[in-house]
Chemist: 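The structure follows.
Here the structure is a predicted model, which is why all the values come from computation and not from measurement.
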Amino acid sequence: MTVRTRFAPSPTGYLHIGGVRTALFNWLLAKQAGGQFILRIDDTDSKRNVAEALQPILDGFTWLGIDWDEGPTKNGTDSIGPHGCYFQSQRLEKYQSAVTQLLESGHAYRDFSKPEEYSGEREAAEKEKRDFVYSRTWMAETDEQAAAFEAEGRKSVVRLKMPREGKCEFHDLVRGDVSFEWAGQSDTVIQRNDGSCLYNLATVVDDCDFEITHVVRAVEHLANTPRQIFIAQSLGFESPQFAHLPFVAEPGGSKKLSKRDIEKYLNNKDFKRLYKSGADIAERIGIQGDPKTFNPVLADFYRDVGFLPDAVVNYLLLLGWSLDDKTEEFTREEMIEHFSLGRVVKGQASFDSQKLTAVQSNYMNRLNLKRKVKMCLPFLQKAGLIPTPIECEQQAYLKQIIEAADDRICMAGDILKFDTFFVADEDLEFEEKPFQKRLVKPEQAGFLLGEAVKLFATVDDWMADSLEKDLKQFCESQGVGIGDIIHALRVATTGKAAGFGMFDTLEVLGREKTIARIGWALDELSDRTNAAT
RNA sequence: GGCCCAUUCGUCUAGUGGCAGGACGUCAGGUUUUCAAUCUGAAGACAAGAGUUCGAUUCUCUUAUGGGCUACCA
């Protein structure tokens, strides 16, 4: 049997990180078995522009390397695959004929209750603390009954006529044997008065039609499973195997991670930090950083700030699944080889941005220089710090910077922290506090920098190693510690208090820029001291 | 309210009828020109109660807590 799994997003305009994990598990299961992973678009309820709202989702999966064998085309305007159309909105006849079949076989009925009548019964049951079972007072099973209700001006929906005896038992690939009393299952509406069909019906019809063998989805659907099994049985379909995954919980909490509560998550220190570093990058490259549309709950966020898709996927794999007591890192091939539903945990797993960042950092550090450069370059170009296309000379310069920055670049957008290397010497801005602390306050800073310029002008070899030697010698001759000059030098040449190694910095900048920048810094310094006196 | 599900360090997890292991994070110390990084070390968990048992984190029951469904949402 070919394994066929599916993920069924609604076109909402964004790809939720919890959804990505569900899709990933489906994808892994299919890949492992040499089967197919299908994308089905649940757009029955959609009033918005589907193509537009679908695109970010398709782009997200494409970026993550979670490819689908059947489903919409990459631009979302058409379908590709042997089952025709993978958009629910265009499969309405299929649902209609299923409804007709269920009505004819007596597994569903037309219900003429008014909404308040139905909910009245439910509330009464709740008040009496008993299980709610619909009285079926307004059920019409014959045309005469229906006509009589219609004469009263009532409108009908189609409800499932659920069994009221026995149990629904099924085996869940994650949770083991599960059982529900049939009597506890309400007569779910499957078709509205306007003819549109509802989720429970549509999903069963589609899963059968697309020959889905494994339905892997979040646990909130566990309680829907009995009615879906009932629909499948009534229609004469074989039910797929079910696997219900624990949901991804909010940072530091146990509630389901939701896009809506983003404001609340921003109270979480770690989540906020990740958002903040992302938003800083976004601002520099002209992306709207509004937390409503740009935040770490959405897959886009990670692409936009320069995460590696492999890192995101690796982190998500470990959220609710593990291979053993040690293995943390998996290539795609290893994931596909080792994944199993049996090792999915049952409890919810909360989203931890620190761990995700740590995984990303490891992946980034292992990247070779060439790939790092390739990842970082677009950020500098979008920020207007490097022209497109890049000149050869600048390519080499960038390479040097990234090499010197070493593991200080966690996400590719972090390269913007080193923007100081890309501005013209005369435009270099000195951060106020460090300038005060390292240049204004220490009395000899100006003098030492002036002497250093003389030194720099004459050294033979402009390489980090020899610069270090030269500068240490210089300090000795001046009778000062290296710390006395290095801080001032850093602020003078980069404008900032922190950066990568001082001698690497000098080497990267080169003699000319180093001397020029110190010159500008000394100018600034004397301006201030003059103003003060 | 009813039904169903879950619960191991702060977080993600491993594991077993007999010493609870790893990762991220945290803390302390070393190294260091800043920031990182790195090295060494430390702290840190079986939700509670009862039962079965020589022995229970592990099996059973009860409670608590969290969550889901109970929609003319998906």
Side-chain angles (χ1 to χ4, degrees), chain A residues 8-10 12 42 44-45 88 111 115 118-119 122-123 125-133 155-159 172 175 178-181 183-186 188-194 196-200 202-203 217-227 244 246-247 249 251-256 270 315 318-329 343 345-359 361-362 365 405-410 417 434 438 468 471-472 475 481-491 494 496-503 505:
Chain A
S10 295
T12 50
D42 281 15
T44 46
D45 204 39
Q88 288 196 324
D111 180 54
Y118 183 87
S119 59
R122 201 187 59 228
E123 282 158 24
E126 198 168 307
K127 215 177 241 172
E128 292 165 36
K129 304 187 182 188
R130 61 179 163 80
D131 219 349
F132 163 58
V133 181
K155 288 185 171 169
S156 68
V157 295
V158 177
R159 283 186 191 276
D172 186 288
R175 325 190 83 82
V178 185
S179 106
F180 291 85
E181 297 283 343
Q185 301 293 314
S186 57
T188 317
V189 174
I190 53 173
Q191 187 175 39
R192 298 186 184 97
N193 184 256
D194 65 6
S196 58
C197 289
L198 267 23
Y199 164 75
N200 280 295
T203 199
R217 59 187 177 189
V219 70
E220 59 255 38
H221 292 288
L222 183 60
N224 287 325
T225 307
R227 31 181 162 273
H244 289 94
F247 58 79
S254 54
K255 288 212 173 108
K256 194 171 106 176
D270 303 320
Y315 170 73
L318 262 17
L319 207 53
W321 180 86
S322 69
L323 174 64
D324 54 29
D325 60 336
K326 287 199 177 58
T327 319
E328 295 264 326
E329 287 186 357
R343 290 197 62 85
V345 299
K346 296 181 183 71
Q348 71 258 72
S350 88
F351 178 82
D352 182 355
S353 37
Q354 278 192 105
K355 178 114 184 190
L356 171 54
T357 307
V359 173
S361 187
N362 286 339
N365 291 339
D406 199 33
D407 52 19
R408 291 169 184 83
I409 296 175
C410 170
K417 289 180 186 162
R438 301 301 188 187
E468 181 169 1
L471 201 70
K472 278 185 173 155
C475 284
I482 190 111
D484 293 325
I485 175 116
I486 242 167
H487 298 295
L489 196 52
R490 169 170 283 107
V491 176
T494 69
K496 302 187 186 199
F500 45 74
M502 190 66 247
F503 303 103
T505 303

Chemist: Let's go through A/T357 and A/C410 carefully: what are the C-alpha distance in whole Å and the side-chain angles of both, what is the deciding distance for side chain to side chain contact (heavy atoms under 4.5 Å, CB included) to 0.1 Å, and is it a yes or a no?
Modeler: CA-CA 8 Å; A/T357 307; A/C410 170; 3.8 Å; yes

Chemist: A/D407 has an atom CG; how far is it from atom P of B/rU32, in whole Å?
Modeler: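 Taking atom P of B/rU32 as the reference, CG of A/D407 is at 18 Å.
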
Chemist: Can you tell me the pairing partner of B/rU31 across any strand shown, Watson-Crick or G-U wobble, with both distances under 3.5 angstrom?
Modeler: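 Looking at the geometry, B/rU31 pairs with no nucleotide.
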
Chemist: May I have the distance from A/I190 (atom CD1) to B/rA71 (atom P), rounded to whole angstrom?
Modeler: 15 Å

Chemist: Just do the side-chain hydrogen bond (donor to acceptor under 3.5 Å, both in side chains) check on A/R217 and A/T225 with the steps written out, would you?
Modeler: CA-CA 11 Å; A/R217 59 187 177 189; A/T225 307; 3.1 Å; yes

Chemist: So, taking the atom named CG in A/L198 and the one named OG1 in A/T203, what distance separates them when rounded to the nearest 0.5 Å?
Modeler: 12.0 Å

Chemist: Please state the C1' separation for the pair B/rU8 and B/rU40 - nearest whole angstrom.
Modeler: 28 Å

Chemist: Could you identify the nucleotide paired to B/rU58, looking across every strand shown and requiring Watson-Crick or G-U wobble geometry with both distances under 3.5 Å?
Modeler: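 Pair assignment: B/rU58 / none.
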
Chemist: When you compare B/rG44 with B/rG22, how far apart are their C1' atoms, in angstrom units rounded to a whole number?
Modeler: 14 Å

Chemist: Measuring from the side chain of A/K255 (C-beta onward, heavy atoms only), which nucleotide among B/rA74, B/rU33, B/rG67 has the closest atom?
Modeler: B/rG67

Chemist: Given that both distances must come in under 3.5 Å, which nucleotide forms a Watson-Crick or G-U wobble pair with B/rA6?
Modeler: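 The base-pairing partner of B/rA6, which may sit in any strand shown, is B/rU65.
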
Chemist: Take atom C1' in B/rC9 and the same atom in B/rG25, then report the distance between them in whole Å.
Modeler: 11 Å

Chemist: Should B/rU16 form a Watson-Crick or G-U wobble pair with both distances under 3.5 Å, which nucleotide is its partner?
Modeler: none

Chemist: If you measure from the C1' atom in B/rU33 to the same atom in B/rA28, how many Å do you get, rounded?
Modeler: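 23 Å, rounded to whole Å.
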
Chemist: With rounding to the nearest 0.5 Å, note down the distance linking CG in A/D407 to CG in A/N365.
Modeler: 5.0 Å

Chemist: With rounding to whole Å, what would you report as the distance between B/rC59 and B/rU16 at their P atoms?
Modeler: 10 Å

Chemist: Taking atom P of B/rC72 as reference, at what distance in whole Å does atom CG of A/N200 sit?
Modeler: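 Interatomic distance, CG of A/N200 to P of B/rC72: 11 Å.
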
Chemist: Under the side chain to side chain contact (heavy atoms under 4.5 Å, CB included) rule, what do A/Y118 and A/E123 come out as? Steps first, then yes or no, please.
Modeler: CA-CA 9 Å; A/Y118 183 87; A/E123 282 158 24; over 6 Å; no

Chemist: Counting side-chain heavy atoms from C-beta on, which of B/rU33, B/rA36, B/rG68 comes nearest to A/E220?
Modeler: B/rG68

Chemist: How long is the span from the CD atom in A/E468 to the CZ atom in A/F503, to the nearest 0.5 Å?
Modeler: 4.5 Å

Chemist: The side chain of A/A498 lies closest to which of these nucleotides: B/rC35, B/rU70, B/rC24?
Modeler: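 The listed nucleotide nearest to A/A498's side chain is B/rC35.
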
Chemist: For A/D270 and A/R490, take the nucleotide of RNA chain B holding the closest heavy atom to each; which residue's nucleotide lies nearer the 5' end?
Modeler: A/D270

Chemist: Whole angstrom is fine here: how far is it from OH in A/Y199 over to P in B/rC69?
Modeler: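 Spelled out: OH on A/Y199 to P on B/rC69 is 11 Å.
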
Chemist: Round to the nearest Å and state the distance from A/L323 atom CG to B/rG22 atom P.
Modeler: 17 Å

Chemist: Go along nucleotides 1-13 of chain B 5' to 3' and tag each nucleotide: B for a protein heavy atom under 4.0 Å from its base, S when only backbone or sugar atoms are that close, - otherwise.
Modeler: BS-SSS----BSS

Chemist: Do A/E329 and A/N362 have side chains that get closer than 4.5 Å, going by heavy atoms?
Modeler: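 Heavy-atom side-chain distance check passes, below 4.5 Å.
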
Chemist: Find which nucleotide of RNA chain B each of A/T188 and A/H221 is nearest to by heavy atoms, and output the residue with the more 5' nucleotide.
Modeler: A/T188

Chemist: Between B/rA71 and B/rC12, how far apart are the two P atoms, rounded to whole Å?
Modeler: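 B/rA71 and B/rC12 have their P atoms separated by 31 Å.
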
Chemist: Categorize A/N224 for me: base, sugar-phosphate, or nothing, with a 4.0 angstrom heavy-atom threshold over every strand shown.
Modeler: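 Base: the residue A/N224, judged by heavy atoms under 4.0 Å, touches a nucleobase.
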
Chemist: Syn if the chi torsion is within 90° of 0, anti otherwise; quick check, which is B/rC19?
Modeler: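 For B/rC19, whose glycosidic angle is within 90° of 0, the conformation is syn.
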
Chemist: Over how many whole Å does the gap from A/K496 atom NZ to B/rA36 atom C1' extend?
Modeler: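 Nearest whole value for this atom pair: 15 Å.
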
Chemist: Looking at A/R175, A/K346, A/E220, which hits side chain to side chain contact (heavy atoms under 4.5 Å, CB included) with A/H244?
Modeler: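 When A/R175, A/K346, A/E220 are each tested with A/H244, the side chain to side chain contact (heavy atoms under 4.5 Å, CB included) holds only for A/R175.
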
Chemist: As a test of reading the structure: which of B/rU70, B/rU34, B/rC24 is closest to the side chain of A/S186, going by heavy atoms?
Modeler: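 Of all the options, the side chain of A/S186 is nearest to B/rU70.
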
Chemist: What distance, rounded to whole Å, do you find between the two C1' atoms, one in B/rC69 and one in B/rA36?
Modeler: 48 Å

Chemist: Could you give the CG-to-C1' distance, from A/D406 to B/rU32, as a whole number of Å?
Modeler: 14 Å

Chemist: Please state the P separation for the pair B/rG18 and B/rA56 - nearest whole angstrom.
Modeler: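 Their P atoms lie roughly 11 Å apart.
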
Chemist: How about A/H221 and A/Y199: are their ring centres within less than 6.0 Å of each other?
Modeler: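 Yes; A/Y199 has its ring centre under 6.0 Å from that of A/H221.
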
Chemist: For B/rG44, give its Watson-Crick or G-U wobble partner with both distances under 3.5 Å, or none.
Modeler: none

Chemist: Once you round it to whole Å, what is the distance between C1' of B/rU33 and CZ of A/R438?
Modeler: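 It is 9 Å, rounded to the nearest whole Å.
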
